[in-house]
Amino acid sequence: MSVATSRGLQARKAPWAPLAKRATPYIVCVGGFLIAWQILSVILGEARLPGPINVVVQTWDPYISQPFYDDGGTSKGLGWQILISLQRVAIGYSLSAVVGIAIGGMLGMSRFIGTGFDPVVQVLRTVPPLAWFPISLMVFQDANTSAVFVIFITAIWPIIINTAVGIREIPQDYTNVARVLKLRKGAYIREIVIPATVPYVFTGLRIAVGLAWLAIVAAEMLKADGGIGYFIWDAYNAGGDSSSSQIVLAIIYVGIVGLLLDRLVAFAGRKFSKGAA
Amino acid sequence: MQTLTSAPSSQAVSNEPFLVIDGVSKVYPTPKGPYTVLDNISLEVAEGEFICVIGHSGCGKSTLLDLVSGFGQPTRGEVRLESVPIREPGPDRMVVFQNYSLLPWMSAAENVALAVNNVFPHLKRNGGARTIVDSHLAMVGLSEAADKKPGSLSGGMKQRVSIARALALQPKVLILDEPFGALDPITKEELQEELLKIWQEHKVTVLMITHSIDEALFLADRVVMMTNGPAATIGEILELPFPRPRQRSQLMEMPEYYDYRNRALDFLYRRFAHDDQ
């Protein structure tokens, strides 16, 4: 214990160390990565694989410098494209969170339902996101709704599974307390089940947001008006001089946004867990 | 969780002792046939008595106390408190669990308050619950730490909260399952002394499991020594004549103390030495 604490103290002292010293590993490793990328680009030819310098030069105007230009139609800045994608994710992901927690709660509370539906969950959760796309296009007859549905159906499984597991894994210590106090059902759910399950639910939500972001980019490439996935596919089809640079830039944006979403859900999870984890 | 109205109070004249363990056996079915943990155990406990149960690991001490707390049901025989057979756990037989069983998302005071509010719902409205919580935390010397969560309390402090929670419910029987096993020797001695003080003030009947002969001799009126499992039973009961209030130092100077200590040692390490020791 004492060893761990003293290490913790050292780690917390680190911000006082010179900034340059802390930045060194990032500069060396990221710089090395960029140099390797640039060399590879030179070998392959920059038309096939633009290096980092080409990407910045070729996409500076308008893609980097004007993220929110709007020329009408689907010709919009990357900021708008990402917001379009995020909006779809927000709708599909919120729906999957609400429905997933409710279903997961039922599967966790009732051994009968939990056991009975397990095969369904296990089979459906392995279906790749895009496999849902054709059927949802047929059902909804609308690309935008279908994309939202793909997000929903992709994100829901980890939420269901983790919520159900969280409820089943409530430590016996806590249920023993409930039994000896003769806690009423409502108080048991409010005071024990929910707080004990929140960390599991957020594990599911965190996996789900990553999957949702993966799925939306793929779904938009297939069929959509606008969105970052659409932008990538459109740039590819346009086949202009700077197409590959545009694609690389969009990929970097996709990665950064995905990371931010992940961190956002992790942060919310810590806020809501109240020290139960 | 079950809302059984409290069993008909047995003020009816009966000369039966306060707590009666009446010929109980506990048999678990296993694939290899029935496995008898406890075999025909009988014990009578007077109101306000302090009983320590001692025996080797796996001898069924916890199983025996589970039958009193109601977490387990005997295969044969029954346990009666004030002539009423015990069928389920309830706050009149409050348990101090080995691993404290505090809810980590609640502060010390909230843990106690959850129990008090649930068991005495009428007190919640007139603010009496708060008084009970505060006075019991003060009793175990934790007023300062009332708003701390279990995660930032030491083992000894957590066990104090657990004891405060149990006593706040004014149980008829207090059941402690090796409450001080995980504590360092100094904290252990402190808590033993506090438990004795509290016991004398509250006049509660105590059943306590322990592994420590010295702990049992310091605390108990009677020490119940169990034979080894399977089919464990009560091997011998030591009636301790030591006067109260007890002082550890005075006790250690009494020649009788060592007579009893040797009898317990003889029982545990010669007559019923553990097989694998």
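Every heavy atom of this structure was used, including side-chain atoms; hydrogens, water molecules and symmetry mates were not.
The contact between B:Phe71 and chain A is made by backbone and side chain atoms together, counting heavy-atom distances below 4.5 Å. With a 4.5 Å cut-off on non-hydrogen atoms, B:Arg165 touches chain A through its side chain but not through its backbone. Proximity to chain A (any heavy atom under 4.5 Å) is restricted, for B:Leu102, to the backbone atoms N, CA, C and O.
By number of non-hydrogen pairs under 4.5 angstrom with chain A, the leading residue of B:Asp92, B:Leu114, B:Val95 is B:Leu114. Counting heavy-atom pairs closer than 4.5 Å to chain A, the top-ranked of the candidates B:Asn118, B:Leu103, B:Asn117 is B:Asn118.
Ionic pairing of A:Lys182 and B:Glu88 is present here: one or more N-O contacts between side-chain nitrogen and carboxylate oxygen are shorter than 4.0 angstrom.
The aromatic rings of B:His122 and B:Phe120 sit perpendicular, their planes meeting at an angle over 60°, well past the 30° parallel limit.
Under the 6.0 Å cut-off for aromatic ring centres, A:Tyr174 and B:Trp105 qualify, their centroids lying closer than that.
B:Lys149 contributes no side-chain N or O that, together with a main-chain N or O of B:Ala108, makes up a donor-acceptor pair within less than 3.5 Å. Remark: the backbone N or O of B:Lys158 is not paired with any side-chain donor or acceptor of B:Ser162 at under 3.5 angstrom.
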